[in-house]
2 protein chains.
Amino acid sequence: MDKQTVTIYDVAREADVSMATVSRVVNGNPNVKPATRKKVLDVIERLDYRPNAVARGLASKKTTTVGVIIPDVTNVYFSALARGIDDIAMMYKYNIILTNSDENGRKEVQVLNTLMAKQVDGIVFMGNDISEELRKEFERAKTPIVLAGCVDEKGDMPSVNIDYAAAVEEAVKNLIDRGNQRVAFISGSLDHPINRDYRLKGYKQALKKAGIRYDDKLVFETDYTYKAGQLLQPALQSVNATAAIVGDDELAAGVMNGVTDAGLSVPDDFEIITSNDTKLTEMVRPKMSSITQPLYDIGAVAMRLLTKLMNNEQVDEKTILLPYGLMKRDSTN
Amino acid sequence: MDKQTVTIYDVAREADVSMATVSRVVNGNPNVKPATRKKVLDVIERLDYRPNAVARGLASKKTTTVGVIIPDVTNVYFSALARGIDDIAMMYKYNIILTNSDENGRKEVQVLNTLMAKQVDGIVFMGNDISEELRKEFERAKTPIVLAGCVDEKGDMPSVNIDYAAAVEEAVKNLIDRGNQRVAFISGSLDHPINRDYRLKGYKQALKKAGIRYDDKLVFETDYTYKAGQLLQPALQSVNATAAIVGDDELAAGVMNGVTDAGLSVPDDFEIITSNDTKLTEMVRPKMSSITQPLYDIGAVAMRLLTKLMNNEQVDEKTILLPYGLMKRDSTN
DNA sequence: CATCAATATGAAAACGTTTTCAATTTGATT
DNA sequence: AATCAAATTGAAAACGTTTTCATATTGATG
């Protein structure tokens, strides 16, 4: 009934060697005579011995597990990053402990502590904001942490992103160039640095270069949800917006459907550019033009960076910006 | 530089008690005199002691971690289940190690073994098929395993699903009742029991009850991808299908867009019912009618069931069927 | 064949907890 | 005051590895 586990000690006894030797062959240490290695391997096979990773973790102080804090796996943007993270993690023999934070500061702190208690070798953090409390926890953590799709206000943590300001600026310029004088800026909370310090900045910059006066009535701060976007239509109409740059694809889909459901035509009456280029952009009609981001790669590169940090390898640049683009689809002319 | 960790031993020394007592207060064991408890708690606070979960896992043979095998986090259907799993896991103080399997049998087996090596207390498995090899691994695992959104051919593993056959039958009947004589059946591989033994069976049953002859030209076996669905349009037209029951929402979105992009009208020329009721159904236009499944709940209930199994609690029913429904939206008349 | 360096091995000490069992203290009851 | 049960505590043995250090063993070299 009880799990009759076979331990390294059993193998050692059967193979008539010491535990140390078994450990060596299991870990591929070359200092083992081929004959001994074979003998041990045979016993391992015969006994169906599987090393206990927990014991290993205790002894070696390495768990080959990394923590991943994600706002919500259900969100296409984040799950794309998560996939990149997991693939690279697996490639380097790590597993990931995945936890949803709902962007809730308290939950984030708590989850971080659990992960540290579990002795993860590193952490990838995704989220739109880093609360002061969380930052403090990050600082006292001895474990390497990298941010993915998440900007660090103070700019000192390893991170992987695109240049959101430049991307938004380019997108907005694109809309203005086609004659849109009143371009709405729709994003999540402006408390989030990514929105306040990057996207909005790019937006303003584009207006400025085009000689258009900034009008804060055109700035919409909302939830990152489909529903929230859909409900925005009347407000957009009331400020005479003819186009919008939107910070999230689900949100953008909501905006677009709100607009079309109200009888307007996208892109003829209203143009939309969204920000994350998830597969959702291709599934809605019209297909949404978008800033393109290498989502999978952001996760993958973040994880790769983390492996280097965990290995104490020299890393040249801790703040990585990946290239972005602009993909024209059918929500713009 | 090296992590200067404070251990239970440090606390014991400072508080002038034994490790055993510290362990007791940390674990909320009631057999500790209040005064002692306070003394220990104070030292813990002062030293900022954090129990090492790995050591704890080794000593107690419990890791409070469960493994989750998922085909692809990026898939809305599965990520919805995953979210339910994680929430309940967290509620019961478990963490989840999440690994993508890509439905690749070899990878599944390998991942399962890694999870077992890491001594997870339980496993939730999602996937469309259980290969023979995998089944064998499942059987020799001493760890409880539950299937979520995944039918077990042999019917002996704990699982949480809906009654796919009945749901599909009802959906197809719905289409037939509105006059559709040629209803296409579009799903993923028919090698998967869920398609072959349940959905297709429900489909045939509905035809039979309506007195319509089964025509295998109307059965389309394809990938669960948007693209695959989109490319199906010519084939659908060539067999004069006027409606379809589709096994996956992304796939269905592809089918629908393929049809509309070809100039046909949904639902007037072609009706569609999809199967998973993910949020995607609301985002496309027309919105897709769907079999409704309590996705989040399937994950949640599966995890809850797992907690019972892990605790050796009595469970009355190991094969759980959750209620389904039919949601009429705009892809049907 | 003596010597020395390299190569293989093993003994035992970590790693940081939980848990068992016995010992001690406490408090209530005569 | 004596007794006994219950409540608290501590010592030490797990848990299953890795790793250090010393010891054998081997092979090459002069």
Side-chain angles (χ1 to χ4, degrees), chain A residues 2-41 43-44 47-65 93 114 116-121 142, chain B residues 2-41 43-44 47-65 93 114 116-121 142:
Chain A
D2 352 60
K3 49 169 79 172
Q4 172 66 13
T5 38
V6 8
T7 73
I8 199 173
Y9 177 76
D10 299 320
V11 176
R13 178 170 33 72
E14 291 289 307
D16 198 29
V17 298
S18 72
M19 285 162 44
T21 299
V22 177
S23 175
R24 286 191 190 96
V25 348
V26 167
N27 294 295
N29 183 316
N31 296 340
V32 179
K33 195 161 49 167
T36 328
R37 180 187 311 280
K38 168 140 181 30
K39 188 170 60 172
V40 171
L41 250 19
V43 175
I44 287 180
L47 264 43
D48 190 31
Y49 164 70
R50 317 282 188 97
N52 177 324
V54 172
R56 201 195 284 239
L58 182 59
S60 69
K61 293 170 162 302
K62 288 196 172 0
T63 54
T64 61
T65 302
K93 314 275 186 209
T114 310
M116 308 293 301
K118 295 217 169 168
Q119 313 296 117
V120 295
D121 297 334
K142 58 288 180 191
Chain B
D2 350 61
K3 48 169 80 172
Q4 172 65 14
T5 37
V6 9
T7 74
I8 200 174
Y9 177 77
D10 299 319
V11 176
R13 179 171 31 73
E14 291 289 307
D16 198 30
V17 297
S18 72
M19 284 163 46
T21 300
V22 177
S23 175
R24 287 191 189 96
V25 347
V26 166
N27 293 296
N29 183 315
N31 294 341
V32 180
K33 194 161 51 167
T36 326
R37 180 187 310 280
K38 166 138 179 34
K39 188 170 58 170
V40 171
L41 250 18
V43 175
I44 287 179
L47 265 42
D48 190 31
Y49 165 70
R50 318 281 188 95
N52 178 324
V54 172
R56 200 194 285 238
L58 182 58
S60 68
K61 293 169 163 303
K62 286 194 172 6
T63 55
T64 62
T65 303
K93 314 278 186 205
T114 309
M116 309 293 300
K118 295 217 169 169
Q119 313 294 119
V120 295
D121 297 334
K142 58 286 181 192

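Values below: every heavy atom of this structure, side chains too, minus hydrogens, waters and symmetry copies. Here is the naming used below: chain letters follow the sequence lines, and residue numbers restart at 1 for every chain.
Nearest heavy atom pair, residue B:T64 against residue B:D121, reads N-OD2, 2.7 Å. The nearest pair of heavy atoms linking A:P51 to A:V26 is CG-CG1, 3.8 Å. Closest heavy-atom contact between A:V6 and A:D48: CG1-O, 4.3 Å. Taking both residues in full, the closest heavy atoms of A:V120 and A:T63 are given as CA-OG1, 3.7 Å, listed atom of the first, atom of the second, then distance.
A distance-only check finds no donor-acceptor pair linking the side chain of B:S23 to the backbone of B:M19 [under 3.5 Å]. A donor-acceptor pair under 3.5 Å is formed between the side chain of A:N29 and the backbone N or O of A:N31.
Between the side chains of A:K118 and B:T65, a donor-acceptor pair is found at a separation under 3.5 Å.
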Using a 4.0 Å heavy-atom cut-off to protein, can you give one letter per nucleotide of nucleotides 8-18 of chain D, 5' to 3': B if the base is in contact, S if only the sugar-phosphate is, - if neither? SBBB---BBBB

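Looking at DNA chain C, the stems built from 3 or more consecutive Watson-Crick or G-U wobble pairs, each pair with its key distances under 3.5 Å, are C:1-30 with D:1-30.
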